[in-house]
Amino acid sequence: MRTAPDPTRTISRLWALLPTGGLLIGAAALHARGTTRHVHVLCQEPASLGMVFWAVVALFVVVGLGSAVGVVHLLADPPARPTAPLVYLAIAVLAVAGADALDHVGAGIAARTPTVFAPPPGATCDYPPYTYHETTGLFL
């Protein structure tokens, strides 16, 4: 059953577009990751780098899903105050900042790895080497 619009909901439906900014921030962060500063070539991949990679992927999924859910939620039920759209945008910004921080941690792990798993001088890896691309971030 559909009821008459609530006169206390004075905020425009345009506020629902604010979580779209989260999608734009996520897209900009992914584009920034396309430009690499340094590539680490490793003979062995530490398990911690795999965990860092999947955590960063999960954070970008949070950015996309959180922003999409925010837009749909706010279009279906316009907010009475701009708090809800700002919360959805803050979730996206914090997830991108967390992904940047994890990439920074991954770069540190990759930088320390050759000293631990270094092949003998003049030797090459027995199998195709693993490369870790140190990425630029929007926040770090």
Side-chain angles (χ1 to χ4, degrees):
M1 182 167 116
R2 192 160 178 125
T3 61
D6 187 1
T8 60
R9 300 208 179 234
T10 58
I11 299 298
S12 169
R13 284 186 182 253
L14 292 177
W15 277 98
L17 296 178
L18 191 59
T20 307
L23 289 174
L24 295 176
I25 290 170
L30 285 174
H31 176 63
R33 280 165 171 71
T35 59
T36 59
R37 288 186 278 170
H38 191 274
V39 177
H40 299 275
V41 179
L42 311 170
C43 279
Q44 294 182 4
E45 177 190 2
S48 55
L49 273 182
M51 291 177 8
V52 166
F53 170 77
W54 288 111
V56 169
V57 168
L59 285 172
F60 275 106
V61 168
V62 167
V63 170
L65 285 178
S67 297
V69 166
V71 169
V72 170
H73 170 245
L74 296 173
L75 284 175
D77 185 23
R81 293 182 297 273
T83 307
L86 291 174
V87 167
Y88 283 117
L89 182 62
I91 289 169
V93 169
L94 288 174
V96 169
D100 285 349
L102 282 173
D103 275 340
H104 188 68
V105 168
I109 293 168
R112 288 188 305 271
T113 298
T115 60
V116 177
F117 298 114
T124 59
C125 299
D126 294 336
Y127 39 85
Y130 172 79
T131 57
Y132 180 82
H133 297 270
E134 189 174 331
T135 58
T136 57
L138 292 178
F139 297 101
L140 291 179

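What's counted below: heavy atoms across the whole structure, side chains too, no hydrogens, waters or symmetry copies.
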Item to complete: Determine, using the 4.5 Å side-chain heavy-atom cutoff (strictly less than), whether Ile25 and Leu18 are members of one ILVMFWY cluster.
Response: yes

Worksheet item: Of all heavy-atom pairs between Ala84 and Leu74, which one has the smallest distance, and what is that distance?
Response: CB-CD2, 3.9 Å

Show me, pair by pair, the donor-acceptor contacts under 3.5 angstrom made by side chains of residues 47-73, not counting sequence neighbours?
residue: Ser67; atom: OG; partner: Pro19; partner atom: O; Å: 3.3
residue: Ser67; atom: OG; partner: Leu23; partner atom: N; Å: 3.4
residue: Ser67; atom: OG; partner: Val63; partner atom: O; Å: 2.9
residue: His73; atom: ND1; partner: Tyr88; partner atom: OH; Å: 3.3

Response to the item:
In terms of heavy-atom contacts, Leu89 and Gly22 come closest through CD1-N, 3.5 Å

